[in-house]
Each structure stands twice: as structure tokens, then as C-alpha cells.
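The basis for the numbers below is simple: all heavy atoms, side chains too, and nothing from hydrogens, waters or symmetry mates.
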Amino acid sequence: MKTRLVLALVMSGAVALTACGGTTKDSATDQTGGATNGAKADPGAALKEGLKITFLPKQVNNPYFTVAQKGAEQAGTAIKAEVKPTGPSDAAASSQVTYINTAAQQKQDALVISANDVNAVAPALKSARSQGLKVVTFDSDAAPDARDVFINQATSNEIAAGQVKLISEAVGGSGEIAILSATPNATNQNAWIEVMKTELAKPEFAGLKLVETAYGNDDDQTSFQKTQGLLQAHPNLKGIISPTTVGVAAAARYLSSSEYKGKVQLTGLGTPNQMRKFVQDGTVKSFSLWDPAKLGYLATYTAAALVSGQITGAEGEKYKAGDLGDYTIGAKGEVVLGPPTVFTKDNIDKFDF
């Protein structure tokens, strides 16, 4: 029987992990992220009801963030908070600034944001925080001194090393590979790419050669065209890693109807519903992802914990994120959701998100 993950998570309250918010008092942060001075955490404080939380993804109408938003809204319902989704239609570096300023002007309690650029949004976030807004980044971080907590889907090492392992297995351990990323300034993408390069330098991956990193700007048509360009520029290309849900789906669509199907392997980060047909028709052997709904859920609960004073963002603080259970804030104000799941033909029909 097909597991309806999103529905099940909605019913159980374990849909997502989101972080955004803060105490009613401002707490200072430094360049390492997290609270340093000011308010003290009160783990026994009750979660406040009626909180106003703005949910700001990199771009709206992106399937990945649509799922994450559902998780945020599930958490909002559970804690009796108003979650307001908003955002740009493109993922340009500065496209979120207006929405950040609006959240501050509207006296929202917290902002949950996946940053398009580590630095471009920082001045607006700092200004918003100075006005009392608690800021939780998720999926893609901003400058650590511009937010309270970062909800990371998994560690960069887990994600990047896993991607290299999957492409190596798919191409038989040798050959030219390329990376199809999102935007050139995407914080998480760049962090993963650097780790991938480190992994590729290890002896066990000596047979793989990275020939190009291309950018599809998290746009379907641009990613589709960049895939075509990679194949034309590198006739000996054996595999592509696309660590972005938009990019991997566009690349799979191109490969599935081309002469390269079955000859050029593809892996990346995608949702099961996006990628199911490409796995079933043999275009893709495997790919991975965490549950975006859980990420949004955790971020929202974290926001509420911040605003309610249960946490300040300091390392070592503990709090409960609904039915997802207990979490501890790590170094630089970071909370990790958990390792991604690998999807193959054998298990993909068990998931629905």
C-alpha cells in the first residue's frame, strides 16, 4: 500500500522541522551565529499562542518549497500561530529584501527564510532583527550574524558525500561528470559543491573527473538548456549531479527524451513525486532528499520557541519541536534535521511528497 507521507505527517504532527523566531527581548549575536548576550533561555516557558510568522522561501511556485510551506503551516496549526507565506517568483540574490522589510514593518513575530544569497539579504535581516523580528533560516543560510538559528536539512558532508557516492555507483566509478547547480550565490549549493570537490580528490573517486559546474538559476527552462549545453560541450560526459530539485527534474526531462538516456547518468536532490517517472523509465537510477515538509515544520516550531523564550539560539540549548521530538542547538546556532533518504526503483512508490 502506497505510503502517503505528507498526509501521514500532517495527521501525526511530525510533518516538518522549521526554525524561525525569538524571545521577546533582543539577544545579540556575533559572526559565529547564535545568541551571545542579552536574553536567557527559559526551557520551561510555554509556547505563545497567536504568533505571526512570515514564511519566505527562495521562490514561490517551486515544488520543493511548496512542500516545505505545507510543513510550516502544519506546525502553525499545531501551535495556534498565523503562518504567512510570501516571496519572489525568481531566486535572484536580492529578490527577498522587499519581503524581509515588509515582515518587519508589519510587526511579525518571526521570519522563516531560505536565503537566496548569504550576504545580499544580511543588511535587511539585521535591520529587521533590530526592530524585534526573530529570524530563522532554513535550507539555505544567511550570514550567521544576521539570524538567530539556522535549520539545516543535513550536514553538508552528508549531502555532498552522498551525491558523489551515488554518481560514482551510477557510472561505474570512472568517467567525466558535471554539476548542474542552482544560482551561483546559493549558500547551500556552494557549500555542497566544495565538499564534492574534496570528496572527488579522495583515492576511491580517482576515476571521476569533474569537467564543469553549470548554473540553471533554479529555473526549469534554463536548467533544461544548461543540461543540453553540458552534453554538447562534453561528448564524453558520463554523469551529472544536480543538487537542486528544479535542476534535477529538468535534467531528467531532457535526458529521458534524448539519445543520452541510459548513457549519461543523473543523480541529485529531488522529490519523489517529481522524479518517480524518470526512475521508473530508467533515466535515473537513484537520487536523494530529506522531507521538505519536516524541514518547514521544524523551522516553524523553532521560531515559536525563540519568540516564547524557550531558546535564544545559543549552543547547547534544547527544545521540543512538536511530534518531531527534541532538538539541541549546535555550534553557530545550527540545528540539523537529519540525513537524506536515497530513492530508487525499489522504494520510491512508498513516498508521496
Side-chain angles (χ1 to χ4, degrees), residues 1-9 62-68 70 139 153-154 158-182 189 192 196 208 214 216 218-228 230-231 237-295 337-353:
M1 180 177 179
K2 184 176 182 181
T3 303
R4 306 287 297 183
L5 272 193
V6 171
L7 177 59
L9 288 172
N62 178 314
Y64 172 87
F65 288 111
T66 298
V67 177
K70 290 180 180 178
D139 176 72
Q153 51 267 46
E158 286 176 324
I159 295 168
Q163 296 286 287
V164 172
K165 183 175 183 290
L166 289 178
I167 199 64
S168 179
E169 292 172 347
V171 303
S174 65
E176 295 182 356
I177 64 170
I179 296 172
L180 175 62
S181 185
Q189 297 280 317
W192 299 337
M196 287 181 202
L208 298 177
D218 257 355
D219 176 77
D220 177 77
Q221 190 58 34
T222 302
S223 299
F224 186 90
Q225 293 169 348
K226 289 292 184 178
T227 302
Q228 182 181 36
L230 285 171
L231 295 165
L237 196 66
K238 294 286 293 294
I240 298 172
I241 299 173
S242 187
T244 157
T245 57
V246 175
V248 75
R253 195 172 78 253
Y254 180 84
L255 290 173
S256 67
S257 59
S258 75
E259 63 182 295
Y260 301 101
K261 179 179 178 181
K263 299 177 182 178
V264 175
Q265 301 301 320
L266 172 68
T267 193
L269 301 176
T271 69
N273 289 354
Q274 279 181 302
M275 300 299 291
R276 181 172 288 105
K277 63 182 179 181
F278 302 118
V279 170
Q280 292 174 339
D281 71 9
T283 301
V284 175
K285 293 180 179 179
S286 62
F287 67 99
S288 64
L289 194 67
W290 47 92
D291 187 339
K294 289 183 179 179
L295 193 64
L337 173 61
T341 296
V342 175
F343 303 99
T344 67
K345 185 177 292 187
D346 292 334
N347 71 351
I348 195 167
D349 283 340
K350 297 179 180 179
F351 300 88
D352 183 20
F353 65 89

Can you sort out the partners of Gln228 under side-chain hydrogen bond (donor to acceptor under 3.5 Å, both in side chains), two or more places apart, ordered by chain and number?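 Here no residue qualifies.
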Got a sec, which residues hit side-chain hydrogen bond (donor to acceptor under 3.5 Å, both in side chains) with Gln265, two or more places apart in sequence or on another chain?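 Scan of Gln265 (side-chain hydrogen bond (donor to acceptor under 3.5 Å, both in side chains), adjacent residues dropped) gives none.
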Are any non-hydrogen side-chain atoms of Met196 and Pro243 less than 4.5 angstrom apart?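 A side-chain contact exists here, since the closest heavy-atom pair is under 4.5 Å.
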Residue pair [X] / [Y]: nearest heavy atoms and the distance that separates them:
X	Y	value
Gln189	Ala182	OE1-N, 3.4 Å
Ala250	Asp220	CB-O, 3.5 Å
Gly175	Lys238	CA-CG, 3.8 Å
Met275	Ala249	SD-CA, 3.9 Å
Ser242	Val248	OG-N, 3.1 Å
Leu266	Val284	O-CG1, 3.5 Å

Backbone of [Y] reached by a side-chain donor or acceptor of [X] within 3.5 Å:
X	Y	result
Ser168	Lys165	no
Asn347	Val342	yes
Ser286	Thr344	no

Measuring from [X]:[atom1] to [Y]:[atom2], what's the distance to the nearest 0.5 Å?
X	Y	atom1	atom2	result
Thr341	Lys350	OG1	NZ	11.5 Å
Leu231	Glu259	CG	CD	8.5 Å
Asp139	Phe65	CG	CZ	4.0 Å
Thr244	Leu180	OG1	CG	7.5 Å
Lys263	Ser258	NZ	OG	9.0 Å
Leu269	Thr245	CG	OG1	8.5 Å

Looking just at side-chain N and O atoms, do Gln163 and Ser288 make a donor-acceptor pair shorter than 3.5 Å?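 Result is yes, a qualifying pair exists.
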Given the rule in the side-chain contact (heavy atoms from CB on, under 4.5 Å) test, do Arg253 and Thr227 qualify, once you have shown the distances and angles that lead to the verdict? CA-CA 10 Å; Arg253 195 172 78 253; Thr227 302; over 6 Å; no
Working for side-chain contact (heavy atoms from CB on, under 4.5 Å), residues Leu255 and Phe278: CA-CA 9 Å; Leu255 290 173; Phe278 302 118; over 6 Å; no
Please report the C-alpha distance between Thr267 and Lys285 in whole Å, then the side-chain angles of each, then the deciding distance to 0.1 Å, and finally whether the side-chain contact (heavy atoms from CB on, under 4.5 Å) criterion is met. CA-CA 8 Å; Thr267 193; Lys285 293 180 179 179; over 6 Å; no
Can you sort out the partners of Phe343 under ring-ring contact (aromatic ring centres under 6.0 Å, His included), two or more places apart, ordered by chain and number?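 Once residues adjacent in sequence are excluded, the partners of Phe343 under the ring-ring contact (aromatic ring centres under 6.0 Å, His included) criterion are Phe287, Phe351.
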Using side chain to side chain donor-acceptor pair (under 3.5 Å), reason through Asn273 and Thr271 one step at a time and then give a plain yes or no. CA-CA 5 Å; Asn273 289 354; Thr271 69; over 6 Å; no
